[in-house]
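Inspection log for the structure reproduced underneath, given as structure tokens.
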Number of protein chains: 2
Amino acid sequence: MALGKNYQGQDCTLARALELVGERWTLLVVRDALYGVRRYGDFLAHLGIPRAVLSQRLQTLVDAGVLERVRYSQSPPRDEYVLTEMGRELWGPVYLLAQWGERNLSKAGPYRVFHHVTCGARIDPHGLCPSCGGRPPLEETEVRPGPGADLLRDDPVSVALRRPHRMLVPLPG
Amino acid sequence: MALGKNYQGQDCTLARALELVGERWTLLVVRDALYGVRRYGDFLAHLGIPRAVLSQRLQTLVDAGVLERVRYSQSPPRDEYVLTEMGRELWGPVYLLAQWGERNLSKAGPYRVFHHVTCGARIDPHGLCPSCGGRPPLEETEVRPGPGADLLRDDPVSVALRRPHRMLVPLPG
DNA sequence: TTCCGTCAGTTCATTCAATGAACCTTGGAG
DNA sequence: CTCCAAGGTTCATTGAATGAACTGACGGAA
């Protein structure tokens with residue numbers, strides 16, 4: 001999408017949040033980052049996003065402090081994009097929005113399901129673990145393919161996500 | 001913004017949700033509807049959205065089942081846009097996103113705060129009532145102006161929201 | 001040292017949506 | 001009959017997304 005950037009005069013923090021993460025593709029980039037995607041080429045292949053748009057979104061998110069650009073190779077010089085604490089906090093909204101989509105827009109079963117690894121239980125639609133009753137931190141959360149999972153996509157991230165994967169752990173491995 | 005509408009090939013319900021509510025302005029329209037805004041002219045004045053965009057968004061939301069168009073006057077014929085259950089369920093994601101914006105992007109205090117009217121307590125950043133420990137339903141939630149509230153705006157909705165207001169109750173009254 | 005390939009971008013022409021001003025339509029009120 | 005309001009639609013302009021092509025740094029193989 002091409003979302004304009006300013007919702008001027010909106011006396012609401014939702015508007016400020018949307019100026020940043022409400023642009024087309026942005027929340028999908030963040031979702032991938034929550035899964036553990038860190039590299040330009042992996043975002044590109046997994047999202048099918050135009051290169052120019054990806055570059056611009058990554059830059060915007062880095063500038064805003066949602067992502068941090070970290071050098072992981074000196075030669076050749078290579079950077080990866082890692083979520084900051086501010087970025088990791090987007091897990092709540094992202095999860096609830098995805099659950100809403102699943103309840104209301106999805107015909108087949110869920111593409112992916114989320115488990116609290118320390119309990120083994122599946123996280124409920126509100127983000128709570130039915131076993132311990134708590135709100136599992138991202139580090140204790142695991143993505144698993146659901147019954148509606150698409151097994152045809154063959155980009156590295158999609159392939160890696162065919163088996164259970166701890167959130168934030170670098171993908172594709 | 002101009003968000004494209006299709007994130008094809010995304011094996012994630014988040015993408016489907018964003019195709020619908022991820023377009024520019026859409027989530028702000030929903031937020032206003034959650035406050036109780038129902039009329040074309042009130043959305044227009046409160047959001048400062050172009051008329052053509054508002055018409056298109058309302059139509060899309062009605063088609064998707066997020067809003068329902070209800071006739072409230074036969075002569076002259078007048079309709080209002082009322083949230084369906086599917087639309088009311090967006091409160092969770094909307095609230096969390098606004099809280100995220102408040103923690104991370106807001107310089108001043110919050111524009112608005114939310115209280116569980118049956119307990120009187122202020123709802124916490126996760127959407128829970130610290131008094132009863134539960135997740136207050138929208139009908140028991142009240143919006144109140146916060147310390148950072150903008151008192152200068154004089155459209156009917158902004159004026160009405162200067163005093164506490166029960167969510168979903170028609171605005172501007 | 002030359003050639004090839006990869007990664008991570010940038011550039012550019014085209015397409016499509018947002019914007020905002022102006023206009024239109026329906027129906028009441030005076 | 002005229003005026004006004006609500007709720008739109010139309011249209012020219014602007015700006016962003018798209019996708020293909022190009023660039024530039026570097027490593028590895030021959």
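All values reported here derive from a predicted model rather than from experimental measurement.
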Between [options], which nucleotide has the shortest distance from any of its atoms to the side chain of [X]?
X	options	answer
Trp25(A)	dT18(D), dA17(D), dG9(C)	dT18(D)
Tyr81(A)	dG9(C), dG20(C), dA8(C)	dG9(C)
Tyr72(A)	dA8(C), dT18(D), dG8(D)	dA8(C)
Tyr40(B)	dT9(D), dG9(C), dT18(D)	dT9(D)

Residues clustered with Val82(A), ILVMFWY side-chain links under 4.5 angstrom
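Direct or chained contacts put Val82(A) with Val70(A).
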
Once salt bridge (Lys or Arg N to Asp or Glu O under 4.0 Å) is applied, what residue pairs with a partner in residues 116-135 of chain B remain, sequence neighbours excluded?
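Output for this query lists Glu102(B)-Arg122(B).
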
Restricting to pairs with a member in residues 155-173 of chain A, which pass salt bridge (Lys or Arg N to Asp or Glu O under 4.0 Å), not counting sequence neighbours?
Arg153(A)-Asp155(A)

By the ring pair (Phe, Tyr, Trp, His ring centres under 6.0 Å) test, which pairs, at least two apart or in different chains, include something from residues 116-165 of chain B?
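For residues 116-165 of chain B: none.
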
Any chance the side chains of Thr60(B) and Gln56(B) put a donor and an acceptor closer than 3.5 Å?
yes

Applying ring-ring contact (aromatic ring centres under 6.0 Å, His included), name anything that partners Tyr95(A), two or more places apart in sequence or on another chain.
Trp91(A), Phe114(A)

Which residues pass the ring-ring contact (aromatic ring centres under 6.0 Å, His included) test with Tyr81(A), not counting sequence neighbours?
none

DNA chain C stem ranges, 3 or more consecutive Watson-Crick or G-U pairs under 3.5 angstrom
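So the stems come out as C:1-30 with D:1-30.
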
Checking Glu80(A) now: which residues fulfil salt bridge (Lys or Arg N to Asp or Glu O under 4.0 Å) with it, not counting sequence neighbours?
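Scan of Glu80(A) (salt bridge (Lys or Arg N to Asp or Glu O under 4.0 Å), adjacent residues dropped) gives Arg38(A), Arg39(A).
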
If the cut-off is 4.0 Å, is Gln56(B) near the phosphate of dT9(D), judged by side-chain N/O to OP1 or OP2?
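No, outside the criterion.
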
Got a list of protein N/O to nucleotides 23-27 of chain C N/O distances below 3.5 Å?
unit_1	atom_1	unit_2	atom_2	d
dG27(C)	O3'	Ser75(B)	OG	3.3

Have a look at Arg71(A) and say if it touches a base, only the backbone sugar-phosphate, or nothing, with a 4.0 Å heavy-atom cut-off.
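If one applies the 4.0 Å heavy-atom cut-off, Arg71(A) turns out to touch nothing in the nucleic acid.
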
